[in-house]
Amino acid sequence: MDAQSYSAALTELRTVRDTIKKARAELAKLEADRDQRITRLASYAKAKADRIAPAAGLSVADVVALAPALAPDSLTAAADAAPQPAQPAQAEQTVAPTARSAASSKTQPPTVITPPAAEPIAAAGIPAPEQEPRTLPSIPEGGAGDTWFAHTSGLASTRPNFTQQARSTVFLDTTTGVLVHRQQTHHLDLGNATAVDILTAVFHTIPEGVERIYITAGDPWHRDADRYPYLRDAVAAWLNAPIAGWRTDTGRGRDRMAGHFVHARNPVGRYQRDNGDHHVEIRSVGEWFDTAGDDPTVIRDAFVLLWQALRRHWNDAVIMGSPSQTGRDLWTRTIPQRGQYADGFPVLSEELRGLLHATAGQGRNELITPPRISDQLPQLVEYDRTFAYAKHTWKSPVGTPRRITATTFASWSQKEQMRALYGCGHWQVRVTVPDTWNHVGLLPAPAPGDRAWHYPATPGTTFTTWAGGPEIHTALTNPLQPWKIEILDGILWEDGKPLDDWAKKLKETWTNLTAQAHFQGDPQQARAAHLASRAVRSILLYGIGAFAQRPRMVTGTTPRSMERDVPADAEIIAFDDQTITWHKPTGFSRDPNAHPEWAAAIWSAARAALLTQRHRDDDTHAGALHTPPGTVVAFRTDALYLTQPQHWPYHHQPGDYLLRGHLTGPLPAPTSEEELLTLRDAGRTALTTSQEP
C-alpha cells in the first residue's frame, strides 16, 4: 500500500465510523421505543409475556426483566414455595438489637455486629442481570493507604483579597426578540437565532458592549435538534459554528473560565473578539430557576432583588455567571479571618478526593415498581423537602482525617462506636438486610453503570458499600428494625462548622425573599421575588455540588482536515463536515476550594432525612419509614412520592416536607421516570386547581 492508498483508506474508514455512530444512535432509539411499548402492553390486565416476547423479538426472560409483573404464575408460585435461608447466626460477644421502645433505645443503643455472609434472594422468576454491579474502591492496606490521610501540600481555601468585578448583563428572549438592558427594553431581529445572529444583534443595539447574555426563553441551541441523534450534539454544533470576527474564549481574570460548556439544557458559549479586546458569555437563565415563560423584565428584576438581598449580608457580593460560581465565591468571603482556620481550609489528598468521588453519591433517585407496589395506585401524593440541603450544613468534617480500620473500630466501646457513626465520617461497610424487612432500602449500593446506585431491600441480601455516618446511624437506629452492619474501614474527621455562616446568610436571604413574594402587592414584583428566592436555593444547592469537584472534563474541537490532532485519549462526542468535537478527562485540578468531604456529608444527611426526620417542636417524625410498607412509590433527590397523604408538620422551614402534588386514582403505577414525571406534573396541577378560591 502506498501513501496515496493509505490516505484514501483512512478517509473511507472515517466514513464507516460516522455511519456506525449514527446507526448506533438510531438503534438505541428503536430499542428504547420497543421497551416503552412493552411496558405499556404490560399494563393490560390480560397481558402475557409469552405473547409479547415473539412480537418484540425477545425472550420471555427479557420481557419479564422489563416488566416484572408479567412473570409467569408457575415461576412465582415455585419461588414462594422455595425454602428461605436460615436466620444468620450472630457474631460472638455482640448482640443485634431487637425492636424496642424509644425510651429503652436511649439507655441501650444498638451494637454494630459482624454477620456471616448471606446469599441474596433472587427476584422470583427473573434471571440475574447480565451487567455486574460496580466494585467500589477501597483504601490500600498498611502504609500505602496511610499516605492518603494527609492534605495536598500548598493547597487550601483562603479568603480572597480582591473585590469581584460585576459583568454588564442583558436578558434576551430569543422567541420574541425582546432584550432588556438595565431599564431599557429593545426588540431585536434575531434571524435564525444562531450565535452569530445573537451577537450581531445585541452588539448592534448596545454598541458599548455587554459581557453576559442570559437567554430567558427560546433555547436557540435546540433549533436544529432534529438533525442530530442526541441533543448534546445539536448544542455542540450551535456553540461551535464559526462566527466571523469572533473565536472561542480562552479565559481571563481570577474567575478564568475557558471554552464552551456543552450541556444538553443549559450550555454556556464563551466568545472573544479576534483582536481579544472583548469577551462575552451566552448562558441559559435555566441554571438559576425555571422561568415558565416569564418576561425578560421580570427576570431582570429578579436578579436585581437577588443582588440587593445578598448585599445585606455580603457588602461585596457579586452575581456571577452561574449559581455554583456565585455560591463558592460568597463562601470564600465567610472564611474566618482569625482562629484555627484563618489560614484557610486545607484540601484533602488527591487519593481521598478520588475515593469520595467514586463512593459518595448525591441525591437518592429510585422508582419502586410492581410487584413491590400495587399495579394500581389509589392516589399519588408528592412531598418535597423545602430548601432541603440548607437543613444539613450546621456540621461538616474538618481537620486531618483519621483512618478507622475494622480492628480499631471493634476495639472501641459501644458508646465510642455510636459517637463515631454520629460524627463526620465515611464508612466502608458490609450490610445485611434483616430477614423480616418489608420496607424500602436504607443504604446505597453500587449498581451497573457509571455512578449508578440502587437501594437493596430484599430480606437476607448482603452487600458491601460506602456510606456516610448519617445513613449508617439511621440503618442502626431506624424506627422499624435495626439493620446488621459490619465496619470494614472508615474515614473520620473532627466536627466543624465551615459552612454554617455561609448557609445561615443564604437561609436568611431566602426567608426574606420568600416573604416578599408572599406579601408583595405588585404581581410582577411578587413573581420576581419568588424567582430570586429560587435563585438563592440554587446558589446553595449548586455551591455544595461545586465543593465535590468532579474530575475535570475538557471539551475541544478539531477541524476534520486535522483529525490526527484529536488527543489519543479523547472521546468524539459530535462531528459534522467541518469540525470534530471531543472531550477527555484531565483528572483533578489544583482547586483550592475542592472539599468533596463537605458535599458527601450533606448528601448523606439529606438521604437519611428522606427516611426519617425528627420535628422537635412538634415531637413527631416524618419520612419514608413513617409510612406503611408498600406506600412509597419513588424518591427523587429531596422529594418523596406516596400512595397516601401524611399529616407531617410544615412551618416553611428548610427541610420541612411540603405537599407539592396530589393526584387521585386509581392510577397505573409508573414504570419509568417519564411516566413518574407525567403523573407528578398532573398532580401538581390538580393540587393547584383544588387550592384556587
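- Using a 4.5 Å cut-off on side-chain heavy atoms (C-beta onward), His279 and Glu211 make no contact.
- A salt bridge does not link Arg537 to Asp384: none of the charged nitrogens lies less than 4.0 Å from a carboxylate oxygen.
- The neighbour count for Asp495 CG, taken as heavy atoms of other residues, nucleotides or ligands under 6.0 Å away, is above 12.
- Of the inter-residue distances, the one linking Thr511 atom OG1 with Leu506 atom CG reads 10.5 Å to the nearest 0.5 angstrom.
- Side-chain atoms of Asp173 come within 3.5 Å of backbone N or O of Thr175 as a donor-acceptor pair.
- When atom types are taken as modelled, the side chain of Thr152 and the backbone of Leu348 share a donor-acceptor pair closer than 3.5 angstrom.
- A 4.5 Å side-chain heavy-atom check between Arg353 and Val347 finds at least one atom pair inside the cut-off.
- Ring orientation note: the planes of Phe303 and Phe289 are tilted relative to one another, at an angle of 30° to 60°.
- Using a 4.5 Å heavy-atom cutoff, the side chains of Trp331 and Ser157 are in contact.
- Proximity of a side-chain donor or acceptor of Thr612 to a complementary backbone N or O of Ala608 within less than 3.5 Å is not detected.
- Within the 4.5 Å cutoff, the side chain of Ser284 has no heavy atoms near those of the Arg265 side chain.
- Between Trp246 and His278, the ring planes lie perpendicular to each other; the angle is over 60°, past the 30° to 60° tilted range.
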Could you give me the CA-CA distance, side-chain angles and deciding distance for Arg385 and Leu640, then say whether side-chain contact (heavy atoms from CB on, under 4.5 Å) is met?
-> CA-CA 8 Å; Arg385 295 187 66 229; Leu640 190 58; over 6 Å; no
Do Thr386 and Tyr650 pass the side chain to side chain donor-acceptor pair (under 3.5 Å) test, and can you show the C-alpha distance, the side-chain angles, and the key distance before you say yes or no?
-> CA-CA 9 Å; Thr386 299; Tyr650 184 74; 3.0 Å; yes
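- Of all the heavy atoms in Ala600 and Leu356, the pair that sits closest is CB-CD2, 4.4 Å.
- Surrounding NE2 of His651 are more than 12 heavy atoms belonging to other residues, nucleotides or ligands, all under 6.0 Å away.
- Of all the heavy atoms in Pro220 and Ala193, the pair that sits closest is CB-O, 3.3 Å.
- Relative orientation of the Phe387 and Trp510 rings is tilted, given thresholds of 30° and 60° on the angle between their planes.
- Interatomic distance, Asp489 CG to Arg403 CZ, rounded to the nearest 0.5 Å: 4.0 Å.
- Test Gln325, Arg328, Gln165 against Met320 for side chain to side chain contact (heavy atoms under 4.5 Å, CB included) and you get one pass: Gln325.
- The backbone N or O of Ala264 lies less than 3.5 Å from a partner atom in the side chain of His222, making a donor-acceptor pair.
- No option in Arg660, Arg684, Arg680 other than Arg684 meets the side-chain hydrogen bond (donor to acceptor under 3.5 Å, both in side chains) test with Glu382.
- Side chain of Arg402 to backbone of Gly490: no donor-acceptor contact under 3.5 angstrom is found.
- Ala195 and Ile243 make their closest contact through CB-CD1, 3.6 Å (heavy atoms, listed as atom of the first residue, atom of the second, distance).
- Taking CG from Asp618 and CG from Asp656, the interatomic distance works out to 8.5 Å, rounded to the nearest 0.5 Å.
- In Lys497, the NZ atom is crowded: over 12 heavy atoms of neighbouring residues, nucleotides or ligands sit closer than 6.0 Å.
- Pairing each heavy atom of Gly468 with each of His426, the nearest pair is N-ND1, 4.1 Å.
- Heavy-atom neighbours of Asp617 CG from other residues, nucleotides or ligands within 6.0 Å: at or below the threshold of 12.
- One distance of note links CG of Leu443 with CZ of Arg364; it measures 9.0 Å at 0.5 Å rounding.
- Trp466 contributes a side-chain N or O that, together with a main-chain N or O of Pro137, makes up a donor-acceptor pair within less than 3.5 Å.
- Ring orientation note: the planes of His260 and Tyr271 are tilted relative to one another, at an angle of 30° to 60°.
- For Ser604 (side chain) and Ala601 (main-chain N/O), no donor-acceptor pair under 3.5 Å exists by modelled atom type.
- Contact check for Pro498 versus Trp598: side-chain heavy atoms found under the 4.5 Å cut-off.
- With a 6.0 Å cutoff to the six-membered ring centre and a 45° limit on the axis angle, Arg333 counts as a cation-pi contact of Phe162.
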Run the numbers on Thr216 and Val180 for side-chain contact (heavy atoms from CB on, under 4.5 Å), then give the verdict.
-> CA-CA 10 Å; Thr216 65; Val180 174; over 6 Å; no
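- Lys507 places no side-chain N or O within 3.5 Å of a backbone atom of Pro654 that could act as its donor or acceptor partner.
- Atom CD of residue Gln653 and atom NZ of residue Lys391 lie 8.5 Å apart, to the nearest 0.5 angstrom.
- Taking all atoms of both residues into account, the shortest heavy-atom contact from Pro444 to Trp453 is CB-CE3, 3.8 Å.
- At most 12 non-hydrogen atoms from other residues, nucleotides or ligands lie less than 6.0 angstrom from NE2 of His518.
- A donor-acceptor pair is defined here as one N or O able to donate and one able to accept, closer than 3.5 Å; such a pair exists between the side chain of Tyr214 and the backbone of Gly321.
- With contacts defined as side-chain heavy-atom distances shorter than 4.5 Å, the pair Ile215/Asp219 does not qualify.
- With Ser349 contributing its side chain and Trp148 its backbone, the two residues share a donor-acceptor pair below 3.5 Å.
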side-chain contact (heavy atoms from CB on, under 4.5 Å) between Ile491 and Leu355, worked out | CA-CA 11 Å; Ile491 310 167; Leu355 181 74; 3.7 Å; yes
Any chance you could lay out the side-chain contact (heavy atoms from CB on, under 4.5 Å) test for Thr297 and Asp301, step after step, and finish with the verdict?
-> CA-CA 6 Å; Thr297 304; Asp301 291 347; 4.2 Å; yes
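- The minimum heavy-atom distance linking Thr637 with Asn365 is given by the pair N-OD1, 3.4 Å.
- Classification of the His595-Phe345 ring pair by plane angle, with boundaries at 30° and 60°, yields perpendicular.
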Using the side chain to side chain donor-acceptor pair (under 3.5 Å) rule, take Gln164 and Asp316 through it: C-alpha gap first, then chi angles, then the decisive distance, then the call.
-> CA-CA 7 Å; Gln164 194 67 255; Asp316 56 353; over 6 Å; no
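- From Trp427, atom CH2 reaches atom OG1 of Thr359 across 13.5 Å, with rounding to the nearest 0.5 Å.
- Annotation: side chain of Leu330 is in contact with side chain of Trp502 (closest heavy-atom distance under 4.5 Å).
- Met418 places a side-chain heavy atom less than 4.5 Å from the side chain of Thr477.
- Within 6.0 Å of CZ in Phe149 there are more than 12 heavy atoms belonging to other residues, nucleotides or ligands.
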